[in-house]
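See below for the structure under consideration.
The sequence lines fix the lettering, A, B, ..., with proteins before strands; numbering per chain opens at 1. Remember, predicted model here, so these are calculated numbers, not experimental data.
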2 protein chains.
Amino acid sequence: MNEKNTTERGYHHGHLRDALIRAADELLAERGLEGFTLRETARRAGVSPAAPSHHFGGTAGLLTEVAALGYQELARRLMVAGESGTPPDRLKAQGVGYVRFALDFPGRFHLMFRHDMLQKDQPSLEQATGQAWDALESTVLAIRGQPEGAELDAEGEAMLIGIWSTAHGFAHLTLDKKLARIDDCGGNEADMLESLFPAIIDTLWVKKLG
Amino acid sequence: MNEKNTTERGYHHGHLRDALIRAADELLAERGLEGFTLRETARRAGVSPAAPSHHFGGTAGLLTEVAALGYQELARRLMVAGESGTPPDRLKAQGVGYVRFALDFPGRFHLMFRHDMLQKDQPSLEQATGQAWDALESTVLAIRGQPEGAELDAEGEAMLIGIWSTAHGFAHLTLDKKLARIDDCGGNEADMLESLFPAIIDTLWVKKLG
DNA sequence: AGCATGATCTTTACACTGTAAAGATCACAT
DNA sequence: ATGTGATCTTTACAGTGTAAAGATCATGCT
């Protein structure tokens, strides 16, 4: 019944909703969040400027779906990073993975933390953010010696928010070129991630936890 | 010669440049960065929509001056916070001061880290950011036992960027309501600053430094 | 089969935005 | 006093998001 997967012509697109999400994500990757435009997204999907609003209610609706995809990808990476090693090593790896995600997808990343552009009550978004949170939480639970599924104790909570804040802030500062004066790595983002950020984690966390 | 400080009537405003910066800052405080508009700023200054561009070249020019003021205020607070106590205590106090600044002036804070909206080469901005950086650097130098004015060693650098990242990330996450599920403090930003953030610093940093 | 119904997409329109270009006004030095 | 340059206004234009109304089509009901 849905056999117009190849050439989407005619008045009705067929898979417009998915196509719009994909187009928006690509536009975000190309021009960043500030270069994003609902009309340009529609243009890329080969559709009229007002078409997206029908499916998503407006710009915020579309961007919320894109952000949900971003959280899914982030959660996936955090789970992979938290698979092997001692609990402190896993937490460190998740921190690196968090920053790497931000540097790989700056547009997505910025969007995901712009609550003024998202509809926080959207179930798809809530679920995806929950997955990312859980990935970190289970690692911290292991560090604290608490059973899986338990509620974090106070120090565990501070630990979780701490690593999150540190990774989040480092990612933001790097993307905003605020660490450019650090000449150890000549502004190269990859180097900053591979050497500087782990050094920070070591200085802060691992030495204390291990 | 400049005696029209009270009633600014007539074709020429007199102190339009300053008035625009003030109006922009107020607008930022009222509606946040996303509610900011060059035309509304002009309206509040009682002037035509195109007038600001003459003084600042465009939106970015005006916002850069506002951001420079923000960095000045931030630097002032960091210096005050770093005045008394042991070096680790001073660094902790500066971290708290950093977050407090962000929560007190969300509009300014967001603007200050939007490199796509600022002119990074503006001297007023460069100088103000340098002051804020120096305030943190001198505290870390004291912790590392290095003389004032020296160049930070590798671990000191990691320490500086680490505390900055942690405070920066915590501020961002708080402003974006990402820590709302932490029910220890019922979403109250003041409580989060006064209890949660210091707990994080203690768990991460101070225990290790002291 | 024929047909109505509703989902999907387009067209049109409007109130905004930033800013470029050209004109008006005024302070001030000569 | 006079013109010169800085300051501000007017006008205009290309964009933006989205509301409202119209066109097109798939689908299920009789």
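Residue F36(A) forms a side chain to side chain contact (heavy atoms under 4.5 Å, CB included) with just one option from L28(A), V66(A), L111(A), and that option is L28(A).
In this structure, of dT19(C), dC8(D), dG17(D), it is dT19(C) that holds the atom nearest to the side chain of T59(B). Comparing atom distances between the L16(B) side chain and each of dT10(C), dC8(D), dT19(C) picks out dC8(D) as nearest. Here the nucleotide nearest the side chain of P49(B), chosen from dT19(C), dT10(C), dT9(D), is dT19(C). Listed candidates were dC8(D), dT18(D), dA7(C). Nearest to the side chain of L38(A) is dT18(D).
One atom, CZ of R39(A), and another, P of dT18(D), lie 10 Å apart when rounded to the nearest Å. Atom CG of L62(B) and atom P of dT19(C) are 10 Å apart (whole Å). As rounded to whole Å, 15 Å separates atom P of dT17(C) from atom CG of L63(B). In this entry the distance linking NE2 of H54(A) with C1' of dC25(D) reads 13 Å, nearest Å. Distance H15(B) NE2 to dA6(D) C1': 16 Å, rounded to the nearest Å. The interatomic distance linking M117(B) (CE) with dT17(C) (P) rounds to 14 Å, in whole Å. Spacing between atom CD of E34(B) and atom P of dG17(D) amounts to 14 Å, rounded to whole angstrom units. Rounded to a whole Å, the CZ atom of F56(B) is 14 Å from the C1' atom of dC8(D).
Here R108(A) does not pair with E26(A) in a salt bridge; the nearest charged N to carboxylate O distance is not below 4.0 Å.
Here S48(A) lies in heavy-atom contact (under 4.0 Å) with a base.
Of the side-chain N and O atoms in H55(A), none sit less than 4.0 angstrom from OP1 or OP2 of dA7(C). Dashed line: the shortest gap from a side-chain N or O of R43(B) to OP1 or OP2 of dT17(C) is under 4.0 Å.
Here the side chain of T129(A) pairs a donor or acceptor atom with the backbone of E126(A) at under 3.5 angstrom. Side chain of Q94(B) to backbone of A81(B): no donor-acceptor contact under 3.5 angstrom is found.
With the nearest nucleotide of DNA chain C identified for both A50(A) and T37(B), A50(A) has the one nearer the 5' end.
Side-chain contact of T166(A) with S165(B): a donor-acceptor pair under 3.5 Å is absent, judged by distance alone.
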